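Have a look at the structure below before the remarks.
Starting from 1, each residue takes its place in the sequence as its number. Since this is a predicted model, take the numbers as computed values, not measurements.
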Amino acid sequence: MPPPVFRFAPSPNGYLHLGHAYSALLNFDLARQGQGKFLLRIEDIDATRCRPEFEAAIYEDLGWLGISWEMPVRRQSEHFSKYREAVEKLSGLGRSGLGLIYPAFESRAEIARLVTGRETDATADEPWPRDPDGAQLYPGVAKSLSAEAHRQLIEQGVPYALRLDMAAALTQVSDLSWVEHGAGPNGETGIVPARPEAWGDVILARKETPTSYHLSVVIDDALQGITDVVRGEDLFWSTSVHRLLQSLLGVSQPAYRHHRLVLDSAGQKLSKSTRSTALRELRREGATPADIRSLVGLP
């Protein structure tokens, strides 16, 4: 059996906090226990929020924790061509014409207005469906436009998102599931059936950015040979979308281990904007790497 390969993949859009420390340390510990590899990946596709000083702080904080990683570090912004290739492949799959990808031109505000209109319609007998994160599902308006209408809007410079036609995509696969070594929000473990339809027509890329979290993480994990994805349980149901994309693109499927979240005093998920749990702030107050391990519940 080849050695296991783990990864920690932060976004440089703020300073690392205790939740990041727990995930990074857990991945690093598991890699050492399995005599495997630990990789660091910088997920910097959001050019408006990611900043060099935050990336530099990631390296500094992880080094201070005693974590080392394989070189070179993969930075997503340097691999946009790989994500474009995946979009092109999905565009050529499935039904004729646009394949499994189509452009949608509505802003978030416009989508909210569309959904509100449908919910208040006299014939509506239940609320508009939402995805596992609580966001309203895209109504699919752009799918009714002709290919010529899509082309004209794109040529006019109208902003757009490239969405996966979920209904069409599901006809290309069957019996999706994943191996879960951790647990989901309700204790789900073992062989977990994937439910990508719960996410609706997810965004896979945008006009200005040729990828999204869902797409880039699938491509990167496959290209880097990741065997074990260890991450927070808030991403548990995102795995359904990842399993669908892995199957459509014909790439490898890692095993998954979703772990508990480190919460604040109010029981909420930690935020990069909360200074009290930021590693840099705790270091200034005199905390040691051993203190951090104790705070997040690691030996």
Any heavy-atom pair between the side chains of [Y] and [X] that's under 4.5 Å?
| X | Y | value |
| --- | --- | --- |
| Leu282 | Leu18 | yes |
| Thr239 | His258 | yes |
| Phe38 | Val5 | no |
| Asp228 | Arg257 | no |
| Tyr138 | Arg163 | yes |
| Glu281 | Tyr15 | no |
| Leu100 | Lys89 | no |
| Leu137 | Arg130 | no |

N/O donor-acceptor pair under 3.5 Å between [X] side chain and [Y] backbone:
| X | Y | value |
| --- | --- | --- |
| Ser23 | His20 | no |
| Lys207 | Leu162 | no |
| Arg7 | Leu39 | no |
| Trp237 | Ala198 | no |
| Thr189 | Gly182 | yes |
| Asn13 | Asp46 | no |
| Thr227 | Pro4 | no |
| Glu155 | Gln152 | no |
| Thr209 | Arg206 | no |
| Trp199 | Val241 | no |

Would you indicate whether [X], at its atom [atom1], is surrounded by more than 12 heavy atoms from other residues, nucleotides or ligands within a distance under 6.0 Å?
| X | atom1 | value |
| --- | --- | --- |
| Lys269 | NZ | no |
| Glu208 | CD | yes |
| Asp175 | CG | no |
| Arg49 | CZ | no |

Contact list for residues 59-88, test ring pair (Phe, Tyr, Trp, His ring centres under 6.0 Å), sequence neighbours left out: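 The answer is none; no pair qualifies.
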
Quick one: closest heavy-atom pair of [X] and [Y], and the distance?
| X | Y | value |
| --- | --- | --- |
| Gly286 | Asp291 | O-OD2, 4.2 Å |
| Arg243 | Ser177 | NE-O, 2.6 Å |
| Glu180 | Glu188 | CG-O, 3.8 Å |
| His150 | Ala142 | NE2-O, 2.9 Å |
| Ser216 | Gln76 | OG-NE2, 3.3 Å |

Ring centroid separation Tyr22 to His259 under 6.0 Å: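 Yes, close enough.
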
Working for side chain to side chain contact (heavy atoms under 4.5 Å, CB included), residues Tyr256 and Val179: CA-CA 6 Å; Tyr256 290 87; Val179 178; over 6 Å; no

Results of salt bridge (charged side-chain N to carboxylate O under 4.0 Å, His left out) for Glu85 - residues two or more places apart only: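 For Glu85 there are no salt bridge (charged side-chain N to carboxylate O under 4.0 Å, His left out) partners, ignoring immediate neighbours.
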
Among Arg41, Lys37, Arg74, the one residue meeting side chain to side chain donor-acceptor pair (under 3.5 Å) with Gln224: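 It is Arg41; the other options fail the test.
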
SB check Lys82 Asp220 (cutoff 4.0 Å):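 Salt bridge between Lys82 and Asp220, a charged N being under 4.0 Å from a carboxylate O: no.
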
